[in-house]
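Since the structure comes first, as structure tokens, the remarks are kept for the end.
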2 protein chains.
Amino acid sequence: MAQLFRDHIEAISPLTDDEFGYILSHYTLKKLRKHAFLVQEGDNVRQEYFVLKGCVKAYTTEPESGKDFIFQFAVEDWWITDREAFFSKTPATINIDCLEDSELLGITYDNREKLAAEMPKYEHFLRVKSNWGYVSLQKRIQLMIMASAQERYEKFLSQYPHLVSRIPKAFIASYLGVTRETLSRLK
Amino acid sequence: MAQLFRDHIEAISPLTDDEFGYILSHYTLKKLRKHAFLVQEGDNVRQEYFVLKGCVKAYTTEPESGKDFIFQFAVEDWWITDREAFFSKTPATINIDCLEDSELLGITYDNREKLAAEMPKYEHFLRVKSNWGYVSLQKRIQLMIMASAQERYEKFLSQYPHLVSRIPKAFIASYLGVTRETLSRLK
DNA sequence: AGCCGCATGTGATAAATATCACAAAATCAA
DNA sequence: TTGATTTTGTGATATTTATCACATGCGGCT
């Protein structure tokens with residue numbers, strides 16, 4: 001079950017069985033049903049999560065209109081949390097809920113820091129992961145600045161073909177920054 | 001001169017004089033004139049830079065139209081490089097050039113890794129810096145998805161008031177993902 | 001001072017995208 | 001299965017933003 005998680009870490013930092021077991025012992029398994037919240041605005045965000053199974057969306061709700069704006073999906077092999085709230089221990093400003101029944105591995109801030117301090121390999125993993133995350137967000141900003149709705153959608157289709165059938169189009173539209181009607185008329 | 005740099009690191013990881021001196025010895029000073037390139041598409045990107053003085057812009061050029069799309073500015077106290085190229089040692093895909101005569105502190109990948117391995121404080125600084133960078137990009141994506149050109153510009157004005165008079169409006173428009181004409185008609 | 005480029009503003013028009021309304025198709029739950 | 005909800009598509013129209021064209025202003029340079 002946690003093999004997915006081990007492979008994920010080992011793609012950056014190879015581990016012995018003991019090392020992986022030690023890391024895993026700092027995580028707790030969380031199971032959620034479809035529509036359940038992982039994080040809700042105002043929450044204390046105590047954990048960062050790795051998705052073992054299922055699919056979640058992270059979004060903010062515009063108070064006036066009540067409209068949701070999705071800025072991240074996470075399926076198997078992805079990480080998710082309200083990073084700002086998690087790191088600065090401030091109340092969550094976003095919501096995360098499940099599009100499917102999901103299973104996640106969660107780690108607390110203190111355990112994360114503890115592992116990073118104890119295990120250079122884990123720390124290295126975190127740093128590399130954070131760097132790649134930064135790069136991918138930067139690419140997404142470039143796309144938002146440069147590309148039309150059509151081009152952004154095409155990029156999404158080629159980059160995440162496995163998500164297209166799994167996530168309702170209205171949510172993908174939100175992620176791309178267009179209305180569902182506009183998305184429906186593309187391609 | 002490098003006091004700015006020291007304060008910047010110490011905001012996250014307090015240092016002794018010796019520690020700071022040791023860190024600084026791994027950086028080299030680079031001075032560039034207005035219009036000079038710090039990074040050009042295709043370059044090997046050997047360094048990551050901290051801006052001591054001046055202002056630079058990072059952008060990609062669309063091959064067909066020749067149009068530039070600016071995705072980052074960096075002034076005093078900011079970091080800049082082509083992160084993807086720097087970390088994965090692939091050729092640069094972006095350009096960075098100077099809007100003003102500028103002075104930067106550069107560190108090579110190897111020296112960066114060496115310092116991170118030798119000094120937990122430096123490593124901690126890098127990890128925290130990377131996390132905050134990630135958070136700020138995420139907020140920018142949220143803004144691109146949720147907000148109109150008018151709202152994005154207002155946010156820019158309130159967030160970076162010191163940049164408004166320093167950077168030509170056409171460049172700010174590019175950063176916000178609108179044309180210079182549209183920006184000129186706002187507010 | 002006078003010239004030249006860059007920066008900025010603005011009008012007219014076109015294109016892209018949003019909004020509102022409705023209906024059909026697909027999916028879910030009892 | 002069946003009714004209800006969710007998802008998707010599409011027409012008509014409004015709004016936002018881009019494009020093209022031109023004029024003015026402003027600063028640096030000789």
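Here is the naming used below: chain letters follow the sequence lines, and residue numbers restart at 1 for every chain.
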- Do B:F20 and B:E10 pass the side-chain contact (heavy atoms from CB on, under 4.5 Å) test, and can you show the C-alpha distance, the side-chain angles, and the key distance before you say yes or no? CA-CA 9 Å; B:F20 176 68; B:E10 291 205 307; 5.9 Å; no
- Counting N and O atoms only, with roles assigned by atom type, does the side chain of B:S65 sit under 3.5 Å from a partner on the main chain of B:K67, one being a donor and the other an acceptor?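 Judged by distance alone, yes, a pair lies under 3.5 Å.
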- Message: Tell me which residues in residues 53-71 of chain B lie within less than 4.0 Å of DNA chain C, going by non-hydrogen atoms.
- Response: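 Output list: empty, so none.
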- Is there a residue in residues 150-179 of chain A whose heavy atoms reach under 4.0 Å of DNA chain C, and which residues are they?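 Contacting residues: A:G177, A:V178, A:T179.
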So how far is it from [X] [atom1] to [Y] [atom2], rounded to the nearest 0.5 Å?
X      : Y      : atom1 : atom2 : value
A:K89  : A:Y109 : NZ    : OH    : 5.5 Å
A:F71  : B:I145 : CZ    : CD1   : 8.5 Å
B:I107 : B:H26  : CD1   : NE2   : 7.0 Å
A:E62  : B:Q142 : CD    : CD    : 12.0 Å
A:D68  : B:M146 : CG    : CE    : 9.0 Å

- Message: Are more than 12 heavy atoms, taken from residues, nucleotides or ligands other than A:K155, located less than 6.0 Å from that residue's NZ atom?
- Response: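 12 or below, so no.
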Send over the distance from [X] [atom1] to [N] [atom2], rounded to a whole Å.
X      : N      : atom1 : atom2 : value
B:K187 : C:dT8  : NZ    : P     : 16 Å
A:L183 : D:dT8  : CG    : P     : 9 Å
A:L99  : C:dT27 : CG    : P     : 16 Å
B:M144 : C:dT17 : CE    : P     : 12 Å

- Query: By ring-ring contact (aromatic ring centres under 6.0 Å, His included), which residues pair with B:F87, not counting sequence neighbours?
  - Reply: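 Testing B:F87 for ring-ring contact (aromatic ring centres under 6.0 Å, His included), a comparison that skips the adjacent residues, returns none.
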- May I ask you to check if A:K57 and A:F171 form a cation-pi contact, with NZ or CZ under 6.0 angstrom from the six-membered ring centre and within 45° of the axis?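 So A:K57 does make the cation-pi contact.
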- Message: The criterion is side-chain contact (heavy atoms from CB on, under 4.5 Å); which residues satisfy it with B:L29, sequence neighbours excluded?
- Response: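 So B:L29 forms a side-chain contact (heavy atoms from CB on, under 4.5 Å) with B:K31, B:L52, B:E103, B:L105.
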- Query: Quantified as the angle between the terminal helix axes (five pairs each), what is the overall bend of the helix from C:dA1-D:dT30 to C:dA30-D:dT1 to 10 degrees?
  - Reply: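 Helix axis angle between the two ends: 50°.
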Below 3.5 Å between N/O atoms, which protein atoms pair up with nucleotides 10-14 of chain D? Just atom names and distances, please.
from, atom 1, to, atom 2, distance (Å)
D:dG11, N7, A:R185, NH1, 2.8
D:dG11, O6, A:R185, NH2, 3.1
D:dA12, N6, A:R185, NH2, 3.4

- Task: Please lay out, stage by stage, how B:L99 and B:V56 fare under the test side-chain contact (heavy atoms from CB on, under 4.5 Å).
- Result: CA-CA 5 Å; B:L99 296 181; B:V56 306; over 6 Å; no
- Message: Hydrogens and angles aside, do A:W79 and A:H8 bring a side-chain donor and acceptor to less than 3.5 Å of each other?
- Response: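 A pair is found: one side chain offers a donor N or O, the other an acceptor, under 3.5 Å apart.
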